[in-house]
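Notes to accompany the following structure.
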There are 2 protein chains.
Amino acid sequence: MTASDLTAAVAAVHESWMRTVDLITPVLAEHRLTTATFQALWAIDPAEQPPSMKVMAERLYCNAPNLTFMSNQLVDRGLVERAVDPADRRSRVLVLTAKGRRVRDEVLRAALENTPLGALTADELRQLTALLNRALRT
Amino acid sequence: MTASDLTAAVAAVHESWMRTVDLITPVLAEHRLTTATFQALWAIDPAEQPPSMKVMAERLYCNAPNLTFMSNQLVDRGLVERAVDPADRRSRVLVLTAKGRRVRDEVLRAALENTPLGALTADELRQLTALLNRALRT
DNA sequence: CGTCGATGCTTCGAGACTCGAAGCAATGGA
DNA sequence: TCCATTGCTTCGAGTCTCGAAGCATCGACG
């Protein structure tokens, strides 16, 4: 593996993400969301147990004060509610509101409709995902 | 192509980039750099003609005031100098200083050494890059 | 040659993001 | 019961992002 192979790959990954975000900015703005709050909203899967703030911080690679701030942004916009975790009363879990689920669906759909990755075939997508997950597993 | 194939691919791309950035944060901090200034520094290839601020704004998907701010950050840290483009005196090009070239090399090397993509073989990297560039070409 | 709309950048103000330090309440083991 | 640890919040400072407004230069057009 040459350094330039790796450089090109990192650059392509970066560019793919930046393009995806750039293309959904108008949709995010409609809901007074930004890249950071979009990522936070995306990280709350309504099909799973509501994540604690600690889990969210790990998913988003940010620290506790930052998570508090972003949670406030989502709460202020009516997309999320804080709840005490009965199992550990120190912990707060983030629960999507009905509006939160709706907005999350909408911006996620916008992302999938606009991302340049949408130009790939199903086979190519699975191949791409397999490669990246193999790298991430390390 | 199912929606979940696409979702998984976008998530994997996002995660790969976030992990890469997260892992070089300590190195960035040594040079008083952040993700934003790292991206800006990366976008100035010393092997090419110094880019104008307009070109930089396109590369980084941000607007003119933002570019002015980030350029100031880089200038304040002694990594970049502004120069008037002789061909168009309205335009300003960003020229790496000696220190700028050195720091850029260092943080770029740190990124390549730490990125999870480094776990892939040369063949896999070329395959990955080819897939992403095919998507980006659209 | 002069005029004027378009272009490239900066300034300003406001809001959003990020982090370290310090603090509080709850937990769990000694 | 004591107390170190954990999860979150508050605070202050610095960074990032953007729209609106302003300035200088450019280029087309008469």
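Given the structure is predicted, the values throughout are model-derived calculations rather than measurements.
- Under 4.0 angstrom from either OP1 or OP2 of C/dC19 there lies at least one side-chain N or O belonging to A/N66.
- Nucleic acid contact class of B/A36 (heavy atoms, under 4.0 Å, all strands): sugar-phosphate only.
- Applying the 4.0 Å criterion to OP1 and OP2 of C/dC9, one finds that B/S91 has a side-chain N or O inside that range.
- When each of A/L74, A/T68, A/N66 is paired with A/M70, the side-chain contact (heavy atoms from CB on, under 4.5 Å) condition holds for A/N66 and for no other.
- Across all strands shown, A/T68 has heavy atoms under 4.0 Å from base atoms, whether or not it also approaches the sugar-phosphate.
- Between B/R102 and B/E106 there is no salt bridge, since no side-chain nitrogen of the basic residue lies less than 4.0 Å from a carboxylate oxygen of the acidic one.
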May I have the step-by-step check of side-chain hydrogen bond (donor to acceptor under 3.5 Å, both in side chains) for B/R82 and B/N72, ending in yes or no? CA-CA 9 Å; B/R82 272 187 182 78; B/N72 285 338; 3.0 Å; yes

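- In terms of position along DNA chain C, the nucleotide closest to A/R32 lies nearer the 5' end than the nucleotide closest to the other residue of the pair A/P65 and A/R32.
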Pull out every protein N or O sitting under 3.5 Å from an N or O of nucleotides 25-27 of chain C, one pair per line with the distance.
residue: C/dT27; atom: OP1; partner: A/R89; partner atom: N; Å: 3.2

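- Between B/N63 atom CG and C/dG8 atom C1' there is a gap of 13 Å when expressed in whole angstrom units.
- Along DNA chain D, the stretch of nucleotides lying under 4.0 Å from any heavy atom of chain B spans, 5' to 3', D/dT15 to D/dC26.
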When you look at A/T37 and A/T34, which way does the side-chain hydrogen bond (donor to acceptor under 3.5 Å, both in side chains) test go after all the steps? CA-CA 5 Å; A/T37 40; A/T34 63; 3.1 Å; yes

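- Using a cut-off of 4.0 Å between Lys/Arg side-chain N and Asp/Glu carboxylate O, A/D123 and A/R126 are scored as salt-bridged.
- A 6.0 Å sphere centred on CD of A/Q127 holds more than 12 heavy atoms belonging to other residues, nucleotides or ligands.
- Taking the side chain as every heavy atom from C-beta outward, A/L6 and B/T115 approach each other to under 4.5 Å.
- Side-chain atoms of A/Y61 and B/E15 include a donor-acceptor pair closer than 3.5 Å.
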